[in-house]
Novice: 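Take this structure, written in structure tokens, and hold onto it; I'll ask about it next.
Treat the numbers as computed from the prediction; the structure is a model and nothing was measured. Quick note on labels: first sequence line is chain A, next is B, and so on, each numbered from 1.
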There are 2 protein chains.
Amino acid sequence: MDRTARHSETRYGNRPTMKDVAARAGVGLKTVSRVVNSEPGVTPDTERRVQEAIDALGFRRNDSARVLRKGRTASIGLVLEDLADPFYGPLSRAVEEVARAHGALLINGSSAEDPEREQELVLALCARRVDGLIVIPAGDDHRYLEPEIKAGIATVFVDRPAGHVDVDMVLSDSFGGAREGVAHLIAHGHRRIGFIGDQPRIHTATERLRGYHAAMRDAGITVEDGWVSLGSTDPERVRAAAEEMLSGPEPVTALFAGNNRVTVTAVRVIAERERPVALVGFDDIELADLLGITVISQDAAAVGRTAAEHLFRRLDGADHAPARVELATTLIPRGSGELPPA
Amino acid sequence: MDRTARHSETRYGNRPTMKDVAARAGVGLKTVSRVVNSEPGVTPDTERRVQEAIDALGFRRNDSARVLRKGRTASIGLVLEDLADPFYGPLSRAVEEVARAHGALLINGSSAEDPEREQELVLALCARRVDGLIVIPAGDDHRYLEPEIKAGIATVFVDRPAGHVDVDMVLSDSFGGAREGVAHLIAHGHRRIGFIGDQPRIHTATERLRGYHAAMRDAGITVEDGWVSLGSTDPERVRAAAEEMLSGPEPVTALFAGNNRVTVTAVRVIAERERPVALVGFDDIELADLLGITVISQDAAAVGRTAAEHLFRRLDGADHAPARVELATTLIPRGSGELPPA
DNA sequence: CATCCTGTTGACAACGTTGTCCAGGGCCTA
DNA sequence: TAGGCCCTGGACAACGTTGTCAACAGGATG
């Protein structure tokens, strides 16, 4: 056995190629290609012979080679924060459905909220030459994407805006949603309202905080020290922040939770207390109806679908200026946000 | 402008190649390749020139071409039922983490519980020449995978066994878990216990039903007509089944829910009733602790991690006979399963 | 000064597919 | 029957990268 043969044996476990099929069927290489791609110009008889050879050898076209030749990978990349987060599951699924409808596969990765990892992932996807990219950014500077975008990789940012680079974006109305939620608490008689949110580095976190401040200002309420806590959504920290706000001589009577993870922890803390505490959370949660949690809901699936449709419109040739879509949120009253101050 | 040029312009939006970088830096093609891959044998001075050309042109290596040459794609495929399902999010994330540790990207797809779509997805991934495949099967005949496996695509089945093909599997102990859950209800005094599960086509569904029957038989209880319902997990159907079992002259006093979606609907139905009904569900659910739902928990992340580690061990050369791993489940008592019969 | 060695560099083929183009055979028409 | 056309099929180059190998320069050694 010579070296060449041994080498090829270790590749793809020795998969048959079109050349092998052609040899077995006694036809030319291109004829096999035609059969595999259902191109016209092949006699039924020849086609049958080729098909038999394909089945006998277990041939499957190598899309890597095809991609190289054709220049399109029929795949799109999705970089999000954490696939295990209940908000991103439906979003990802919606993107996948749209991709499937366009015959594309989905490659995804989680940045774990780490800007460096986000960049690493995005660039790996670009190296794979995905046709398009949907990014839920962790970082706030995306200039590293410039050469890629210039080179033609369609890109849509989701949930949070891109930094220093002009691309399509699909966002939820974080400011308006939070403002409405806090106003809802105020309307039910609360004046001492705490806000617990994600890290200030994250755009949605600061937008929601801005909504909180706007609602408070609208009602003529001065936000006191200690009513606002921004930081990681780690349960320990959120728990500490919530307990801090709910203790002391003048505790808050209501909490606004900046996202689903915060809400979950807040519910736990409140459940342990005797005195009832009102709560409105940003993002809906499974079973929130049973627990009677009032939320500001953003439709994750709609966000994903909208973003993916934008992306494919770009891939189909749309070349208008980058657009910014903002999706409305919905207040869903379920009880926890309608409790009066204790 | 001649035709060749126009053609190349539409590919990848005219990305620069190593050849372009080489021309600009005034070096040979292979030298660029060496720099890009940090191979030894390049003078610092040459390396600097090449690097400058790379930055100036915005070059990024085309991994499609690389893959074709090297024979490894450094990507693995994951086919599951529905990415939006809270059980699969963490599973998928765990697989991704392991893949990342091995420098591989994750391509995933949802079969939507449709065997045909599963096959279509799996074969598309094989055509991409993923190095390995993790499949949560929807169908029960996987002979279509034989040529692929023979050709060297490492494969691990998860959650449900493969049909007619000999591969590695990572399963949860559905039978044992269900048996334990039902026995738990019996230990708390129940004798009239209903079982609501997924479609009988699905292996875990029948295994759990088998566990139910085993527990009942162990306790000397005869299962009556109407206590068992298998079918889609569509909320409407589950609701109808649950209401049927809870009505009539001799209703069941406890329910065993075959999976997380069934549990959610069962909780809703039970919440609407006056008479308390005991409940144990298979699969843990977020916030189940707050709702006091007793569950049989299988650790989705552990399942995903185990499967991915198996896969990469195969990719690293392990060639023992296909193994079947069964992970234990845990009963978590939280109240709903400890209610006495009404 | 001839020789050898080492370290850097580039020419070339190959990976498996598809696009282009040409050859040959059969059929129709004049 | 010659000429033209259509239909089928195949040879060949190209996609962008990496592995192999040979060339070359410069220094050390005899």
Side-chain angles (χ1 to χ4, degrees), chain A residues 2-23 25-50 54 57 59-74 127-129 151, chain B residues 2-23 25-50 54 57 59-74 127-129 151:
Chain A
D2 71 356
R3 208 168 59 244
T4 315
R6 224 188 38 252
H7 178 229
S8 87
E9 200 179 33
T10 62
R11 303 173 46 86
Y12 300 133
N14 220 5
R15 287 211 82 128
T17 71
M18 283 193 180
K19 205 167 143 191
D20 303 324
V21 175
V27 300
L29 185 51
K30 181 66 208 202
T31 300
V32 177
S33 172
R34 274 192 268 262
V35 171
V36 169
N37 296 294
S38 311
E39 284 172 28
V42 182
T43 337
D45 182 60
T46 310
E47 176 167 356
R48 190 185 42 73
R49 280 206 334 275
V50 171
I54 288 177
L57 295 173
F59 166 81
R60 182 162 311 282
R61 182 179 63 198
N62 183 333
D63 276 353
S64 287
R66 173 167 224 250
V67 152
L68 177 60
R69 189 62 234 257
K70 304 207 78 151
R72 286 261 160 162
T73 55
R128 297 283 167 121
R129 296 293 188 272
Chain B
D2 72 354
R3 206 165 65 241
T4 316
R6 219 180 49 247
H7 179 227
S8 88
E9 201 179 31
T10 61
R11 301 173 48 87
Y12 300 136
N14 221 7
R15 286 210 84 127
T17 69
M18 283 192 178
K19 205 165 142 193
D20 302 322
V21 175
V27 301
L29 184 54
K30 180 67 206 196
T31 302
V32 178
S33 172
R34 274 190 268 260
V35 172
V36 169
N37 296 294
S38 310
E39 283 171 29
V42 181
T43 335
D45 182 59
T46 311
E47 176 168 356
R48 190 186 41 72
R49 280 207 332 276
V50 171
I54 288 176
L57 296 174
F59 166 80
R60 182 163 313 282
R61 183 179 63 198
N62 184 333
D63 277 354
S64 286
R66 174 169 224 251
V67 152
L68 178 61
R69 188 65 234 255
K70 305 206 79 151
R72 285 262 161 162
T73 56
R128 295 284 166 123
R129 296 294 189 270

Novice: Using a heavy-atom cut-off of 4.0 Å across all strands, would you classify A/Asp63 as base, sugar-phosphate, or nothing?
Specialist: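 Here A/Asp63 touches no strand at all.
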Novice: Hey, mind stepping through B/Asn37 and B/Arg61 against side-chain hydrogen bond (donor to acceptor under 3.5 Å, both in side chains) and telling me if it holds?
Specialist: CA-CA 9 Å; B/Asn37 296 294; B/Arg61 183 179 63 198; 2.4 Å; yes
Novice: Taking all non-hydrogen atoms of both residues, which atom of A/Met18 and which atom of A/Leu29 are closest, and how far apart?
Specialist: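 In terms of heavy atoms, the two residues are closest at CB-CD1, 3.4 Å.
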Novice: Hey, does A/Arg129 have a side-chain heavy atom less than 4.5 Å from the side chain of B/Asn62?
Specialist: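 Heavy-atom side-chain distance check passes, below 4.5 Å.
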Novice: Does a side-chain N or O from A/Ser33 land closer than 4.0 Å to OP1 or OP2 of C/dT17, or not?
Specialist: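 No, A/Ser33 has no side-chain N/O under 4.0 Å of OP1/OP2 on C/dT17.
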Novice: So, taking the atom named CD1 in A/Ile54 and the one named CZ in A/Arg49, what distance separates them when rounded to the nearest 0.5 Å?
Specialist: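 It is 12.5 Å, given to the nearest 0.5 Å.
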Novice: Within the modelled atom types, does a donor on one side and an acceptor on the other bring the side chain of B/Arg69 and the base of D/dT18 under 3.5 Å apart?
Specialist: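 In this structure, the two groups form a donor-acceptor pair.
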Novice: May I have the distance from B/Asn62 (atom CG) to D/dC15 (atom C1'), rounded to whole angstrom?
Specialist: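 So the two atoms are 9 Å apart, to the nearest Å.
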Novice: Identify the pairs formed between an N or O of the protein and an N or O of nucleotides 5-12 of chain D at a distance under 3.5 Å, and give each distance.
Specialist:
unit_1 : atom_1 : unit_2  : atom_2 : d
D/dT8  : O3'    : A/Thr43 : OG1    : 2.8
D/dG9  : OP1    : A/Thr43 : OG1    : 2.9
D/dG9  : OP1    : A/Thr46 : OG1    : 2.2
D/dG9  : OP2    : A/Thr43 : N      : 3.1
D/dG9  : OP2    : A/Thr43 : OG1    : 3.3
D/dG9  : N7     : A/Arg34 : NH2    : 3.2
D/dG10 : OP1    : A/Gly28 : N      : 3.2
D/dG10 : OP2    : A/Gly28 : N      : 2.4
D/dG10 : OP2    : A/Thr31 : OG1    : 2.7
D/dG10 : O5'    : A/Gly28 : N      : 3.4
D/dG10 : N7     : A/Arg34 : NH2    : 2.8
D/dG10 : O6     : A/Arg34 : NH2    : 3.4

Novice: What's the closest nucleotide to the B/Leu68 side chain, out of C/dG16, C/dT18, D/dT18?
Specialist: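 Shortest atom-to-atom distance from the side chain points to C/dG16.
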Novice: Find every protein N or O atom lying less than 3.5 Å from an N or O atom of nucleotides 22-26 of chain C, and list the pairs.
Specialist:
none

Novice: Is any side-chain heavy atom of A/Asp20 closer than 4.5 Å to a side-chain heavy atom of A/Thr17?
Specialist: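 Side-chain contact under 4.5 Å: yes.
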Novice: Does the side chain of A/Glu39 come within less than 4.5 Å of A/Lys30's, by heavy atoms?
Specialist: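 Yes, at least one pair of side-chain atoms sits under 4.5 Å.
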Novice: Applying side-chain hydrogen bond (donor to acceptor under 3.5 Å, both in side chains), can you list everything that pairs with A/Arg60, at least two apart in sequence or on another chain?
Specialist: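 For A/Arg60 the side-chain hydrogen bond (donor to acceptor under 3.5 Å, both in side chains) partners, ignoring immediate neighbours, are B/Glu148.
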Novice: Is there a side-chain contact between A/Glu47 and A/Val50 in this structure, where contact means two heavy atoms from C-beta onward sitting under 4.5 Å apart?
Specialist: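 Not in contact.
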Novice: Counting heavy atoms from C-beta on, name the nucleotide in D/dT17, C/dG16, C/dT18 closest to the side chain of B/Phe59.
Specialist: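 That would be D/dT17.
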Novice: Decide yes or no for B/Arg128 and A/Ser64: does some side-chain heavy atom of the first lie under 4.5 Å from some side-chain heavy atom of the second?
Specialist: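 No, their side chains stay 4.5 Å or more apart.
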Novice: Respond yes when some side-chain nitrogen or oxygen of A/Asn37 is under 4.0 Å from OP1 or OP2 of C/dT18, and no when none is.
Specialist: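 Yes, A/Asn37 has a side-chain N/O under 4.0 Å of OP1/OP2 on C/dT18.
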Novice: Please state how far atom CE in A/Met18 lies from atom P in D/dA14, giving the value in whole angstrom units.
Specialist: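 Atom-to-atom, A/Met18 to D/dA14, this comes out as 20 Å.
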